Asks: 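Take this structure, written in structure tokens, and hold onto it; I'll ask about it next.
It should be emphasised that the depicted structure is a prediction, and the values quoted were computed from it without experimental measurement.
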Amino acid sequence: MTTDQDLPMDGQPATAVFAAKGIDVTPIKDQGVIKVVKHQGVDKERPMIGDRVTVHYTGRLLSGKKFDCSRDRKEPFCFNVGKGQVLKAWDIGVLSMQRGEVCTLLCKPEYAYGAAGNPDKIPPSSPVVFEMELLKFEGEMLTDDGGILRRIKVKGDGYTNPNDGARVDVHLEGSCGGRLFDCRDVSFTVGEAEDKGVPYGVDRALDKMQKGECCLLYLKPKYGFGSEGKPEYKVGPDKDLVYEVTLKDFQRAKESWEMDLNEKLEMSLEVKRKGNQYFKAGRHYQAIIQYQRIVSWLEMECGTGIEQQKKIQDFLLTSHLNLALCFLRTKDFSQVVENCNKVIELDESNEKALYRRGEARLHRNEFSMAMADFQKVLQVNPSNRAAHAQISICQSKIKEHHEKDKKTYANMFQKFAEWDAKVCKLTVLGYINDGLKFCLFFTVLI
């Protein structure tokens with residue numbers, strides 16, 4: 001890779017310098033993006049497709065006129081590289097850079113602003129030059145909690161992804177602490193990877209992958225083998241995992257709109273059985289996937305007769321109740337409340353929904369609302385001993401909360417009183433001091 005500290009920016013000579021000192025970084029080698037390195041990077045690692053990159057940049061016309069600069073805004077720019085979120089030249093150029101590298105890119109119009117240009121900034125069909133500095137990069141977060149991080153080694157083909165229920169053929173290589181513990185080709189149904197000893201995080205990442213994609217998945221314990229570990233792989237509890245996954249092929253499952261109601265009801269029976277199986281085994285995340293599939297199929301269905309309507313309602317009630325119970329186990333209390341509310345919309349006196357919503361609200365320190373739910377449980381079933389016990393807990397928590405408030409406000413008022421007394425004392429001393437000064441001044445005058 002060539003380097004150049006200061007490239008001339010005066011039209012044709014600039015292109016000549018790039019042609020002489022730069023290299024073509026386009027995949028098809030059409031001279032669309034020519035790169036000259038100004039400062040080498042700090043290591044040899046480069047971003048992968050989908051990585052979140054942070055850059056500083058300055059854009060200029062060949063005349064040298066600056067039309068954009070992140071440094072002028074005193075804020076670097078972030079994007080997911082290789083995903084089409086920015087100019088094509090940026091995706092290509094940044095993927096060729098190392099962390100800390102500074103380079104200059106000469107970009108043909110078709111890799112930059114095209115035939116139209118950019119009104120008031122870039123004339124039509126204009127080549128442009130960007131100085132780029134790659135500050136940092138990291139994998140793409142696939143979950144809000146950062147539990148699954150993906151780095152794409154080989155981009156897949158097409159625009160379709162596996163969905164829940166899809167049949168996939170993958171190659172897996174799993175490692176923990178640098179030790180390879182799993183290497184195999186395996187086929188399974190998305191949502192049921194657990195049956196083949198494949199961790200939950202791999203299962204959840206598949207709906208973001210295309211056929212032929214090879215990626216690295218960095219899994220936190222929640223998305224790996226959890227607190228139990230995997231003794232057959234000699235993986236201990238609460239271990240981070242790295243999986244290299246290649247999606248060789250897949251067959252998508254039918255979407256809701258592709259099935260008639262009878263097919264949905266038949267599938268719901270089988271999926272419910274699978275969800276119950278996972279729940280009993282303590283695989284709550286896997287159970288959630290199954291129950292959510294039923295909801296997605298039936299929540300917009302009405303049925304054509306009383307029998308069908310009853311089946312739909314029974315499946316929805318059971319699925320939302322089971323989801324609430326799963327989310328209680330995973331401590332996602334907002335989801336517990338949401339699913340219980342769905343049940344109560346269908347059956348306002350549902351004892352289990354009222355009780356589970358009360359539990360979730362108690363965990364969220366919403367003591368009065370929780371107590372109201374448990375009282376409604378007793379209206380439905382006065383002999384529910386668990387609800388009686390929970391009401392006692394709520395009353396105790398409310399009392400404890402009030403006592404804390406009283407102490408807090410008492411301390412606050414005490415501090416206010418002390419402060420007022422201090423201010424008053426300082427004010428009086430100030431008056432006395434001013435009085436003494438006046439007396440002294442008067443004495444001197446005499």
Side-chain angles (χ1 to χ4, degrees), residues 47-54 78 80-81 83 136-153 161-164 166 168 170 172-182 186 188-210 213-231 233 235-247 275 278-279 281-293 323-336 338-339 360 363-364:
M48 294 183 184
I49 297 167
D51 280 2
R52 189 74 175 167
V53 300
T54 302
C78 301
N80 291 96
V81 68
K83 292 287 191 174
K136 62 180 180 178
F137 57 87
E138 60 184 2
E140 178 185 10
M141 297 295 183
L142 299 187
T143 57
D144 292 337
D145 61 5
I148 307 176
L149 185 145
R150 175 175 67 166
R151 304 196 66 205
I152 301 172
K153 295 179 71 174
N161 315 89
N163 57 348
D164 284 333
V168 296
V170 300
L172 299 176
E173 294 183 15
S175 60
C176 179
R179 178 183 66 85
L180 184 70
F181 62 79
D182 189 11
V186 61
F188 57 87
T189 299
V190 177
E192 302 175 13
E194 168 73 20
D195 297 350
K196 296 295 182 74
V198 177
Y200 174 65
V202 173
D203 189 291
R204 293 298 83 198
L206 283 165
D207 69 356
K208 307 291 194 304
M209 297 178 67
Q210 286 90 37
E213 179 179 319
C214 176
C215 67
L216 294 172
L217 297 175
Y218 298 84
L219 309 179
K220 294 297 183 184
K222 171 183 172 181
Y223 295 93
F225 297 129
S227 58
E228 298 174 3
K230 200 76 170 174
Y233 292 150
V235 175
D238 297 318
K239 295 293 185 181
D240 291 349
L241 306 178
V242 179
Y243 265 85
E244 182 172 308
V245 182
T246 303
L247 179 56
Y278 282 134
F279 182 83
R283 306 300 182 195
H284 302 118
Y285 292 109
Q286 289 82 354
I288 287 169
I289 295 168
Q290 306 304 321
Y291 299 135
Q292 286 178 334
R293 292 181 72 193
L323 282 166
L325 192 55
C326 288
F327 285 122
L328 270 174
R329 298 291 187 270
T330 61
K331 303 186 187 305
D332 191 345
F333 302 120
S334 61
Q335 283 294 320
V336 177
E338 184 176 322
N339 279 279
H363 282 293
R364 284 165 37 159

Asks: Could you give the distance from OH (Tyr285) to CZ (Arg283), rounded to the nearest 0.5 Å?
Replies: 12.0 Å
Asks: Can you tell me how far apart SG (Cys176) and CG (Asp182) are? Round to the nearest 0.5 Å.
Replies: 12.0 Å
Asks: Between Glu244 and Ser175, is any pair of side-chain heavy atoms under 4.5 Å apart?
Replies: no
Asks: Are a donor atom and an acceptor atom from the side chains of Thr143 and Asp145 found within less than 3.5 Å of each other?
Replies: yes
Asks: Would you compute the distance between atom CE of Met141 and atom CG of Asn80 and round it to the nearest 0.5 angstrom?
Replies: 11.0 Å
Asks: side-chain contact (heavy atoms from CB on, under 4.5 Å), that's the test. Do Met48 and Leu216 meet it? Break it down for me.
Replies: CA-CA 10 Å; Met48 294 183 184; Leu216 294 172; 4.2 Å; yes
Asks: Using side-chain contact (heavy atoms from CB on, under 4.5 Å), reason through Val190 and Ile289 one step at a time and then give a plain yes or no.
Replies: CA-CA 10 Å; Val190 177; Ile289 295 168; over 6 Å; no
Asks: Take Val235 and Arg179 through the test side-chain contact (heavy atoms from CB on, under 4.5 Å) and record every step on the way to the result.
Replies: CA-CA 10 Å; Val235 175; Arg179 178 183 66 85; 4.0 Å; yes
Asks: Decide yes or no for Val198 and Val170: does some side-chain heavy atom of the first lie under 4.5 Å from some side-chain heavy atom of the second?
Replies: no
Asks: Hey, are the side chains of Leu323 and Ile288 touching, using non-hydrogen atoms and a 4.5 Å cut-off?
Replies: yes
Asks: Is there a side-chain contact between Arg151 and Phe137 (heavy atoms, below 4.5 Å)?
Replies: yes
Asks: Using every non-hydrogen atom in the two residues, find where Tyr243 and Leu241 come nearest and quote the distance to one decimal.
Replies: CE1-CD1, 4.1 Å
Asks: How would you list, by chain and number, every residue that makes a salt bridge (charged side-chain N to carboxylate O under 4.0 Å, His left out) with Arg204, sequence neighbours excluded?
Replies: Asp164
Asks: Report yes if some heavy atom in the side chain of Val53 is under 4.5 Å from a heavy atom in the side chain of Cys78; otherwise report no.
Replies: no
Asks: Minimum heavy-atom separation for Pro199 to Gly224, with atom names?
Replies: CB-O, 3.7 Å
Asks: Let me confirm one number: the CG-NZ distance from Leu172 to Lys196, rounded to the nearest 0.5 Å.
Replies: 11.0 Å
Asks: Which atoms form the tightest heavy-atom contact between Asp207 and Asn161, and what is the distance?
Replies: O-CB, 3.2 Å
Asks: Quick check for you: to the nearest 0.5 Å, what is the distance between Asp332 atom CG and Cys326 atom SG?
Replies: 11.0 Å
Asks: Would you indicate whether the side-chain heavy atoms of Lys83 and Ile152 approach each other to under 4.5 Å?
Replies: yes
Asks: Tell me if the centroids of the rings in His284 and Phe279 come within less than 6.0 Å of each other.
Replies: yes
Asks: Does Glu140 pair with Arg150 as a salt bridge, N-O distance under 4.0 Å?
Replies: yes
Asks: Locate the shortest heavy-atom distance separating Asp238 from Ser227; write the atom from each residue and the value.
Replies: OD1-CA, 3.4 Å
Asks: According to the interplanar angle, ranging from 0 to 90°, do the rings of Tyr200 and Tyr223 count as parallel (below 30°), tilted (30 to 60°) or perpendicular (above 60°)?
Replies: parallel
Asks: For Lys208, is the NZ atom crowded, meaning more than 12 foreign heavy atoms sit under 6.0 Å from it?
Replies: yes
Asks: In terms of the angle between their ring planes, are Phe225 and Tyr233 parallel, tilted or perpendicular, with boundaries placed at 30° and 60°?
Replies: tilted
Asks: Is any side-chain heavy atom of Leu206 closer than 4.5 Å to one of Phe188?
Replies: yes
Asks: Within this structure, what is the CD-CD distance for the pair Gln292 and Gln290, rounded to the nearest 0.5 Å?
Replies: 10.0 Å
Asks: Can you find a heavy atom in the side chain of Leu217 that is under 4.5 Å from one in the side chain of Leu149?
Replies: no
Asks: Taking all heavy atoms of Val81 and all of Pro47, pick out the closest pair and write down the distance.
Replies: CG1-CB, 4.2 Å
Asks: Could you report the tightest heavy-atom contact between Met209 and Val245, atom names first, then the distance?
Replies: CE-O, 3.8 Å
